[in-house]
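Structure first, commentary second.
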Amino acid sequence: WSHHLKGSRPIRRYQSCASGPSVSKFRISLQSSARGSLLPPGPFFPCLPQIPLDQKVLPDLSHDHAVERDSAAQAQVKTEWIEYSHAGTKLKGYLAYDDKIKGKRPAILMIHDRAGMQPYAQKAAENWARLGYVTFAADFFGYGQGILPKDVPEAVVQMGIYTKDRALMKTRAQAGYDMLIKNPMVDAGRIAMIGYCFGGMVGVEFGSTGVPLAANVAIHGSFDGHPEGWAKNAKGKFLILHGAEDVPYPLEKVALVYNA
């Protein structure tokens with residue numbers, strides 16, 4: 001992991017879509033040489049570049065004796081939908097894992113952006129699974145009962161439910177975490193949380209509860225309204241990957257999170 005929460009400054013400056021036509025592709029440090037994209041251009045993020053996956057953020061599994069991998073075999077990513085519920089809302093999370101790996105292994109609790117359980121969120125979970133992690137994309141908005149924003153206004157409404165009720169945000173994240181650690185493939189002592197946009201905000205709030213995460217990663221997090229001292233009970237390490245020219249969530253807001 002790259003940074004402790006109170007260690008060296010964990011803000012990497014990347015050019016964002018706010019700069020218009022001069023936008024350049026940027027890299028997010030991930031494990032291995034697998035390639036793909038975490039967020040494609042589309043109705044929710046029309047100006048985002050493709051994000052190539054390469055390098056390291058999560059720990060290398062290749063020398064982990066708890067995981068036995070057939071080096072000659074290609075990753076065989078299996079996926080399944082997991083139904084659960086929280087506070088009267090039917091939820092449906094997306095589980096992805098490499099079935100060529102034997103034994104317990106590290107896991108990722110992934111929180112989608114404000115657009116909900118979109119196909120590209122499912123693809124991101126699969127990308128992480130190819131790197132050897134059991135990945136559970138938790139359902140935050142109620143995909144299990146048909147809630148999936150179709151445009152930005154609907155996404156803003158869904159996100160607003162949780163930004164106005166941080167207690168609900170924390171317990172909804174806890175419900176996803178509880179589903180993940182029940183899985184027999186998961187090493188409960190090696191769980192990371194990765195949140196995109198709205199999911200980055202969730203990571204801060206859930207991390208503040210003292211949940212025993214090995215790491216907490218925010219990718220272009222929508223940081224706002226976090227209380228001073230939120231990190232007092234946070235466990236593990238925290239990595240922030242953020243656009244230097246992000247207009248709604250500038251680095252000044254990111255600094256408030258880091259300096260808490």
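Predicted model, so just to flag it, every value in this text is computed and none were measured.
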Between [X] and [Y], does the ring centre distance come in under 6.0 Å?
{"X": "F136", "Y": "W128", "answer": "no"}
{"X": "Y133", "Y": "Y97", "answer": "no"}
{"X": "F141", "Y": "H112", "answer": "yes"}

Please round to the nearest 0.5 Å and tell me the distance separating atom [atom1] of [X] and atom [atom2] of [Y].
{"X": "S85", "Y": "K90", "atom1": "OG", "atom2": "NZ", "result": "9.0 Å"}
{"X": "I219", "Y": "L241", "atom1": "CD1", "atom2": "CG", "result": "6.0 Å"}
{"X": "D139", "Y": "R172", "atom1": "CG", "atom2": "CZ", "result": "7.5 Å"}
{"X": "K253", "Y": "H242", "atom1": "NZ", "atom2": "NE2", "result": "9.5 Å"}
{"X": "R166", "Y": "K164", "atom1": "CZ", "atom2": "NZ", "result": "11.5 Å"}
{"X": "M185", "Y": "D99", "atom1": "CE", "atom2": "CG", "result": "9.0 Å"}

Is the shortest heavy-atom distance from the side chain of [X] to the side chain of [Y] under 4.5 Å?
{"X": "T79", "Y": "Q122", "answer": "no"}
{"X": "M201", "Y": "F206", "answer": "no"}
{"X": "N216", "Y": "K235", "answer": "no"}
{"X": "L168", "Y": "H86", "answer": "yes"}
{"X": "D113", "Y": "Y120", "answer": "yes"}
{"X": "M193", "Y": "I108", "answer": "no"}
{"X": "W81", "Y": "Y143", "answer": "yes"}

For atom NZ of K92, is the number of surrounding heavy atoms from other residues, nucleotides or ligands below 6.0 Å larger than 12? yes

Just by distance, no angles: are the side chains of E80 and Y94 close enough, under 3.5 Å, to form a donor-acceptor pair? no

Derivation and outcome, ring-ring contact (aromatic ring centres under 6.0 Å, His included), residues Y258 and F238: CA-CA 9 Å; Y258 173 61; F238 196 91; 9.1 Å; no

Among I181, L180, V186, T135, side chain to side chain contact (heavy atoms under 4.5 Å, CB included) partner for L109: L180

Does the pair R130/D98 count as a salt bridge with the N-to-O cut at 4.0 Å? no

